Number of protein chains: 2
Amino acid sequence: MSTATTPRPRRILVIGGVAAGMSFATRMRRRDERAEIVVFERSGHVSFANCGLAYYLGGVITERDELLLQTPASLGRRFGLDVRVNHEVTAIDPAGHSITVHNRSDDSTNTEHFDELVIATGASAAIPAIPGSERMLVLRNIEDVDALHTSLGDLDATTANVVVLGAGYIGVEMAENLAKRGLNVTLVQRPAHILGTLDAEMVTPVEAHLRANGVDLRLGTEAVAVDDSAVQLSDGSSVAADVVVAAIGVRPDNALAVHAGLATGAAGGIRVSAGYQTSEPRIYAVGDVAEKVGAISGEHELVALAGPANRDGRYLADTLAGDEVASKPALGTAIVGVFDLTVASLGSTERALRAAGRDIRVIHTHPVSHAGYYPGAQSLSLKLIVDAETDLILGAQAVGKEGVDKRMDVLATATSFGITASALADLELAYAPQYGSAKDPINHLGYVAKNLRDNLSASIQWHEIDAELAAGTLLVDVRTVAEFERGAIPHAVNIPLDELRERLDELGDRRVIVHCQVGQRGHTAVRILAQNGFDAVNLDGGYRTWSAATA
Amino acid sequence: MSTATTPRPRRILVIGGVAAGMSFATRMRRRDERAEIVVFERSGHVSFANCGLAYYLGGVITERDELLLQTPASLGRRFGLDVRVNHEVTAIDPAGHSITVHNRSDDSTNTEHFDELVIATGASAAIPAIPGSERMLVLRNIEDVDALHTSLGDLDATTANVVVLGAGYIGVEMAENLAKRGLNVTLVQRPAHILGTLDAEMVTPVEAHLRANGVDLRLGTEAVAVDDSAVQLSDGSSVAADVVVAAIGVRPDNALAVHAGLATGAAGGIRVSAGYQTSEPRIYAVGDVAEKVGAISGEHELVALAGPANRDGRYLADTLAGDEVASKPALGTAIVGVFDLTVASLGSTERALRAAGRDIRVIHTHPVSHAGYYPGAQSLSLKLIVDAETDLILGAQAVGKEGVDKRMDVLATATSFGITASALADLELAYAPQYGSAKDPINHLGYVAKNLRDNLSASIQWHEIDAELAAGTLLVDVRTVAEFERGAIPHAVNIPLDELRERLDELGDRRVIVHCQVGQRGHTAVRILAQNGFDAVNLDGGYRTWSAATA
């Protein structure tokens with residue numbers, strides 16, 4: 001209510017009006033009622049539901065308007081923001097504290113001064129540099145979704161063919177949604193498996209599920225050329241394609257920053273301080289265009305996810321309001337629906353950690369999503385990767401039809417705050433039989449972690465069996481005779497757990513790998529054997545993990 | 001494989017073979033292959049699904065066998081346990097290290113020596129001491145469920161009347177399941193509201209939901225007498241009753257312990273050390289019969305929940321195996337399905353904490369369970385109670401149709417490990433639009449907690465409005481005109497948020513309470529007002545919480 005003469009308000013310019021940029025701008029207004037805040041957005045829309053675009057194409061979200069969460073007008077009224085869509089920033093002058101802006105609506109160009117500049121340009125879909133790439137469509141913004149919607153709408157769903165390049169989270173979501181439209185979908189992935197944030201044995205069931213739902217999955221190959229009607233793959237095959245979607249990944253939209261001389265990292269992300277400052281003092285960067293510090297690696301990396309983007313936008317506003325803020329490391333928690341399966345992950349993979357030479361313990365479990373005696377319980381597969389020295393969680397992966405998101409959120413909470421894997425045993429989670437078990441799958445992970453930590457049990461992984469067998473280790477399947485006869489690991493001998501105490505003399509004096517269906521009976525067997533003087537280890541995850549890995 | 005002469009194995013006796021007792025016995029075997037472990041169970045069944053009993057009565061679980069998870073024979077084969085059902089321990093001789101056991105099958109009585117004794121007798125259903133109480137049935141074990149099944153089976157579902165006394169978690173589950181059978185169910189609760197682990201404004205919608213599903217809910221009254229056909233209530237009314245179920249609570253089955261001179265607490269639980277030892281050195285107690293240390297209170301209390309019981313049984317085995325173990329405080333995380341609603345809580349209530357004079361901050365939010373633009377999003381109501389000094393979580397409550405269990409599990413994880421309420425803002429939870437929001441409801445709780453902690457926003461509770469209005473505070477409803485006209489808080493004036501900056505002069509110089517529908521627009525309004533020099537507070541939880549509280 002002050003009426004005294006006040007100095008000129010600070011002028012904060014924001015480049016990019018989606019997740020990070022808009023989280024920043026609205027929080028900045030709540031922190032500073034007087035600041036002049038101008039948001040420049042190159043496309044025609046701000047603050048849209050970028051994680052919903054594929055579901056609009058799949059017909060799950062039926063109204064395009066549902067994707068448009070805010071408009072420049074609504075943001076102006078509510079937050080006093082000056083939001084300018086169809087305005088492309090073409091240059092940054094760090095020394096002059098100004099930017100050049102091209103208004104795409106009237107083709108005018110202006111120079112805008114700033115006290116502080118926030119770069120939140122995000123990331124663009126990468127396009128393979130191959131012949132015919134101009135035919136490829138991508139899915140990053142409303143204009144992209146409109147273009148795809150038009151292209152798909154022109155097709156006869158029952159005969160048309162769509163090829164999706166790249167089977168990361170976005171590619172898998174696209175494939176699912178296009179298949180739901182009734183299209184013939186081919187999903188092409190250069191690595192040997194989909195969803196690189198998980199390890200192979202976790203995703204093979206997901207690959208089978210995609211195929212069972214009609215997606216033609218091509219693994220270990222990539223597009224080498226696109227012509228008018230087909231995509232040529234590196235394995236020599238050709239796939240008919242009325243529409244080609246590129247979902248091989250994203251790269252930071254860093255051109256403005258690079259031209260302005262701002263420091264960037266090896267992967268092209270803008271290098272920022274813990275307070276989001278770039279190499280220029282009045283210029284900040286948040287969201288997909290900026291590097292994050294990885295929670296597991298401790299290194300600068302790129303993490304193109306909505307959660308960290310929004311968090312960073314919010315904290316940058318606090319920084320500019322004068323708070324001492326340090327950005328949080330990014331865990332990379334991610335989730336995707338694959339028809340009626342859910343797949344989620346956080347942190348690093350076993351693959352990456354072994355390649356980095358880390359000393360890790362790996363745990364696979366296959367619990368049920370809620371008490372088995374209550375109808376509808378579904379099998380889950382969980383994987384936990386633990387630092388062998390500190391017992392801290394380095395990675396987690398989950399696949400199943402029910403309760404995957406819940407378990408991943410608990411693991412994300414534990415991992416973020418440095419709760420050890422063994423301490424998961426102690427968690428008091430909400431239990432009634434339709435929701436979980438008195439010993440929740442999360443508790444079970446903790447039991448296994450603690451038993452390994454305390455040397456009450458030792459385990460080996462599916463990929464270590466061959467070397468063990470070659471060295472003369474005995475493989476004992478402790479499942480029932482009926483289970484064994486339905487399918488067994490080569491070279492395994494069957495001694496059911498309930499007979500093990502009486503049949504110890506059959507084992508001789510060799511080292512023993514025991515295994516059961518999921519690992520739990522195997523643990524009891526290891527305890528029996530170890531207390532009887534045997535050198536015994538449990539096959540982690542049992543027959544289920546081995547089957548998935550060798551499928 | 002040692003064949004040397006060994007000393008007599010230790011002899012461990014366990015009284016009670018359900019959750020804590022059987023978790024202890026099986027873990028004990030895995031820790032000590034040689035120990036003699038004998039489990040005495042008074043009833044005819046061990047290790048049954050006690051949390052599933054109500055669902056069997058409701059017909060959700062169709063096969064009685066589903067409730068029977070293990071048998072004495074299966075436990076003998078797998079774990080080398082000597083499990084004796086229909087064996088009632090009638091006395092403990094601490095000095096003589098022996099117990100007296102009555103075999104109910106052949107009516108014989110024996111004395112059994114122990115090296116260590118584990119009391120896991122659990123808790124029994126309390127029965128109101130009123131005329132006709134002998135007609136009441138309870139639900140604690142398989143024999144109870146069989147008796148109820150028989151009684152209910154004799155009834156004509158369309159005309160029969162069942163009265164459930166007590167509307168805690170078990171009483172509500174019973175009422176729901178009996179109503180699902182088609183019975184006329186009356187649920188009687190002495191306090192003014194159901195589910196005492198939540199506060200009133202959180203459960204009023206649940207009460208309405210019970211009534212909407214046909215349950216005749218009688219609050220603030222209790223049974224004073226039961227006759228052949230009806231229950232007389234203290235409010236003077238009479239309710240027809242073919243069957244009466246007592247679910248007013250449980251009390252520890254402590255008779256054996258008391259007669260043996262073991263120390264017990266005020267509520268009758270056996271007092272135990274951090275290593276589960278009773279006042280006698282070789283005698284231990286776990287599960288519902290033993291006191292726990294409350295995670296919030298730090299006091300000895302009774303917590304009759306499966307999770308802590310199993311945990312304590314497991315840790316006691318580690319203790320007896322020689323590990324240094326300290327029992328974990330009990331958080332009291334609990335959950336119940338109420339038709340298609342889910343209700344969950346942990347820690348303490350606002351009611352209890354205010355009564356104890358604790359300095360707390362209270363947060364109500366009403367987010368959606370997943371991204372609003374994705375079909376099927378459901379409204380949730382969350383409540384967080386935070387220590388005003390430490391920012392630690394003291395209690396959490398949640399009600400909704402989807403995603404309640406997930407959010408409660410994340411809050412249980414955070415609370416157990418001392419993660420502050422404000423730090424919830426930083427969590428990277430698994431987000432795709434069918435599972436959550438880029439800013440998850442958990443993050444939102446963190447935003448609000450942090451804004452309160454950092455004095456960026458101040459709030460008041462629904463029960464503080466009247467005193468404020470009496471003191472001359474202005475109540476401003478910042479919702480739209482249309483929302484205001486559909487129903488408003490008495491004495492509120494309507495200034496929509498988007499007009500607030502232009503209408504500041506209408507406010508005069510009074511203190512201002514602002515409110516919106518759920519609290520979010522109210523926060524923006526408080527920020528506008530505070531930066532313009534007003535003394536402004538936000539009504540926590542907005543119109544939604546106020547409506548529920550005053551319904």
Side-chain angles (χ1 to χ4, degrees), chain A residues 1-2 19 30 33 49 51-52 55 60-61 66-67 69 77-78 80 306-308 310-311 328 330-331 333-337 344 371 373-375 405-406 408-410 412-414 416-417 419 423 426-436 438-439 497-498 501 504 524 527-528 531-533, chain B residues 1-2 19 30 33 49 51-52 55 60-61 66-67 69 77-78 80 306-308 310-311 328 330-331 333-337 344 371 373-375 405-406 408-410 412-414 416-417 419 423 426-436 438-439 497-498 501 504 524 527-528 531-533:
Chain A
M1 295 192 291
S2 162
R30 291 192 298 268
E33 188 61 19
C51 298
Y55 297 94
V60 178
I61 297 169
E66 290 285 316
L67 302 173
L69 308 178
R77 281 194 302 272
R78 176 72 42 92
N310 285 317
R311 182 174 67 192
K328 307 297 171 201
L331 195 55
T333 315
I335 192 166
V336 63
Y373 62 80
Y374 190 95
D405 56 334
K406 175 163 78 169
M408 192 53 58
D409 278 0
V410 170
T413 306
S416 283
F417 289 99
I419 295 168
D426 300 334
L427 284 173
E428 252 179 80
L429 302 171
Y431 166 54
Q434 63 273 55
Y435 304 103
K439 299 171 182 174
L497 174 57
D498 291 350
R501 287 185 181 86
L504 293 176
T524 296
R527 294 300 306 147
I528 293 171
Q531 294 187 65
N532 280 285
Chain B
M1 295 193 290
S2 163
R30 292 192 297 269
E33 188 62 18
C51 298
Y55 297 94
V60 178
I61 298 169
E66 291 285 318
L67 303 173
L69 308 178
R77 282 194 302 273
R78 176 71 45 90
N310 285 316
R311 183 174 67 192
K328 307 297 172 199
L331 195 55
T333 315
I335 190 165
V336 63
Y373 62 79
Y374 191 93
D405 57 333
K406 174 163 81 170
M408 191 54 58
D409 278 0
V410 170
T413 306
S416 282
F417 290 98
I419 295 168
D426 299 335
L427 283 174
E428 254 179 78
L429 301 171
Y431 166 55
Q434 63 272 57
Y435 303 103
K439 298 171 183 175
L497 174 58
D498 291 351
R501 287 184 181 86
L504 293 176
T524 297
R527 294 302 305 149
I528 293 170
Q531 294 187 66
N532 280 283

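Given the structure is predicted, the values throughout are model-derived calculations rather than measurements. In what follows, chains are A, B, ... by sequence order, proteins preceding strands, each numbered from 1.
Here the side chain of B/Glu33 pairs no donor or acceptor atom with the backbone of A/Gln531 at under 3.5 angstrom. Looking only at distances, a side-chain donor or acceptor of A/Glu428 sits under 3.5 Å from a matching main-chain atom of B/Leu331.
Neither the backbone nor the side chain of B/Ala371 comes within less than 4.5 Å of any heavy atom of chain A. If you measure heavy-atom distances from B/Val336 to chain A, the contacts under 4.5 Å come from the backbone alone. Looking at B/Thr524, the atoms closer than 4.5 Å to chain A (heavy atoms on both sides) sit in the backbone and in the side chain alike. The contact between B/Arg30 and chain A is made by backbone and side chain atoms together, counting heavy-atom distances below 4.5 Å. At a 4.5 Å heavy-atom cutoff, the contact between B/Leu497 and chain A is made by side-chain atoms alone. Contacts of B/Ile419 with chain A are made by side-chain atoms alone, with heavy-atom separations under 4.5 Å and no backbone atom involved. Looking at B/Ala423, both its backbone and its side chain come within 4.5 Å of chain A, counting heavy atoms on both sides.
Closest approach of A/Phe417 and B/Leu427 over heavy atoms only: CE1-CD2, 3.2 Å. Listed here is the closest heavy atom pair of B/Ala49 and A/Tyr373: CB-CE2, 3.2 Å. Looking at every heavy atom in both residues, A/Ala414 comes nearest to B/Thr413 through N-CG2, 4.3 Å. Closest heavy-atom contact between A/Arg78 and B/Arg501: O-NH1, 3.1 Å. Taking both residues in full, the closest heavy atoms of B/Ala438 and A/Ala306 are given as CB-CB, 3.8 Å, listed atom of the first, atom of the second, then distance. Across all non-hydrogen atoms, the minimal contact from B/Leu429 to A/Ala412 is CD2-CB, 4.4 Å.
A 4.5 Å side-chain heavy-atom check between B/Tyr431 and A/Thr333 finds every atom pair outside the cut-off.
Residues B/Tyr55 and A/Tyr374 bring their aromatic ring centres within 6.0 Å.
Of the listed residues B/Gly436, B/Gly307, B/Pro308, B/Ala19, the one with more heavy-atom pairs under 4.5 angstrom with chain A than any other is B/Pro308.
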